[in-house]
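Computed from heavy atoms alone, side chains included, the values below leave out hydrogens, waters and symmetry copies. The residues of the chain are indexed from 1 along the displayed sequence. Quantities reported herein were computed from a predicted structural model and do not represent experimental measurements. When a ligand or atom number is given, it counts from 1 through the structure's own listing order.
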Amino acid sequence: MVVSIHRPTKAIIDLKAIKENVENEVARLPKATNLFAVVKANGYGHGAIETATAALEGGASGFCVATVDEGIELREAGFSEPILVLGIVSVADIGLLSHYNLSFPVSTNEWLQEAAAFLQKNPVTNPLKVHLKVDTGMGRIGFISNEELLLAVKWLQEQSMFTWEGIFTHFATADQADDTYWQEQNQRFQTALACLPELPRYVHAGNSATALWHAEAVGNMVRYGIAMYGLNPSGTTLPETYPLKPALSLVSELVQVKLLEKGAGIGYGETYITPQAEWIGTVPIGYADGWLRKMQGFSLLVAGEYCEIVGRVCMDQLMIRLPRSFPAGTKVTLIGEDNGQCITMQKVAEQLETIHYEVACTLSARVPREYKS
Ligand SMILES: *Cc1c(COP(=O)(O)O)cnc(C)c1O
């Protein structure tokens with residue numbers, strides 16, 4: 001999808017906020033603990049390259065991405081810090097992992113055997129950097145049995161083309177008030193570590209929620225994602241350990257304002273009919289931008305005043321009810337602050353009955369990202 005720069009709708013990303021969120025976390029971590037900035041999914045929609053640069057300035061020492069391609073994107077942009085791919089990689093992509101010096105997770109001994117067979121026919125130059133993943137209760141990827149895990153460690157120790165660089169797990173409930181399940185997972189991870197003859201360079205268990213609320217258990221690296229963008233990982237369940245600064249605002253402008261008579265239908269399906277004469281404004285953003293149809297009924301800010309979205313959200317436009325006439329070109333704030341009022345991404349998520357992570361990632365490529373530092 002082409003980035004639509006000839007339209008007043010844009011996301012403004014405050015890179016200073018990202019830098020400060022990272023700085024605040026780094027300041028809390030023990031000196032030997034690394035912060036890897038999680039910039040997967042285009043930096044949670046904020047822009048991978050720009051947010052990675054801001055995170056480095058804030059003291060990050062490496063990056064996490066979800067896919068090989070996201071890792072390559074960072075390397076091609078010139079980043080030389082460690083990059084860990086978080087998802088399972090294909091044996092067929094071993095050449096890329098070696099060439100681009102990307103670390104990656106391994107979850108089974110079968111994968112290692114297939115990789116060894118592949119390497120016999122397709123040798124690589126740089127060693128492959130493996131982080132063994134332990135499934136302690138997320139049920140997603142990782143070794144379940146400690147015997148299998150130990151086999152993998154022993155095998156890796158004998159291989160010249162593999163470097164055993166890390167071991168890690170992922171918590172399913174670090175953002176919840178009840179920590180029973182978190183404790184069980186942590187216990188399983190500690191037991192797995194205790195079975196091993198030695199520990200690798202990186203031992204890590206912390207996403208943002210673990211870093212914020214279970215700082216004692218992060219190992220020597222944290223995978224700092226959502227909090228770096230200034231969003232509370234728990235939504236509203238747990239208080240922020242330190243103030244997180246939201247980095248993204250979403251703005252547009254009124255492109256048309258008109259006074260409609262009582263009884264006028266607004267939008268597809270005529271789901272709103274003006275109960276009296278009303279000022280209606282049109283805003284050029286819709287579900288193709290990630291502003292979904294469920295946003296009908298939500299209110300946007302115009303000059304610090306809340307104005308309800310009336311009628312269905314269209315693919316590219318939506319309509320709001322205005323308290324009075326405003327000139328076309330008046331700023332509309334969909335996420336962020338205006339005149340002392342603020343629409344948070346959390347509020348948008350609540351309207352959509354989801355989490356802010358999804359709101360950030362859903363903002364489509366059509367919306368230009370503008371950076372301020
Ligand atoms: C996405 C992800 C993270 C980052 O999680 P946040 O909640 O955004 O901090 C950390 N670890 C893994 C394995 C992930 O997939």
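- Residue contacts with ligand 1 for S208 involve both N, CA, C or O and side-chain atoms from C-beta outward (heavy atoms, distance under 4.0 Å).
- Contact detail for P323 and E305: the closest heavy-atom pair is CG-OE1, 3.4 Å.
- Remark: R7 does not engage D316 in a salt bridge, criterion side-chain N to carboxylate O under 4.0 Å.
- In this pair, H131 and F168 present their aromatic rings perpendicular. The plane angle is above 60°, beyond the 30 to 60° band.
- With M228, K40, H204, R140 as candidates, the residue nearest to atom 2 (C) of ligand 1 on a non-hydrogen basis is K40.
- For NZ of K372, the number of neighbouring non-hydrogen atoms (other residues, nucleotides, ligands) closer than 6.0 Å is 12 at most.
- Residue A209 has no nitrogen or oxygen atom sitting less than 3.5 Å from a nitrogen or oxygen atom of ligand 1, judged on distance alone.
- Residue nearest to atom 6 (P) of ligand 1, selected from I226, L212, L86: I226 (by heavy-atom distance).
- When each atom of ligand 1 is checked for a heavy atom of Y357 under 4.0 Å away, the hits are 6 (P), 7 (O), 8 (O).
- The nearest protein atom to atom 11 (N) of ligand 1, hydrogens excluded, is given as R223 NE, 2.7 Å; this is a heavy-atom distance.
- The protein heavy atom nearest to atom 8 (O) of ligand 1 is Y44 OH, 2.5 Å.
- Between Y229 and H46, the ring-plane angle classifies as tilted under the 30° and 60° cut-offs.
- Atom 13 (C) of ligand 1 has as its closest protein heavy atom H170 ND1, 3.6 Å.
- Here the side chains of M319 and I309 are not in contact, with every heavy-atom distance at 4.5 Å or above.
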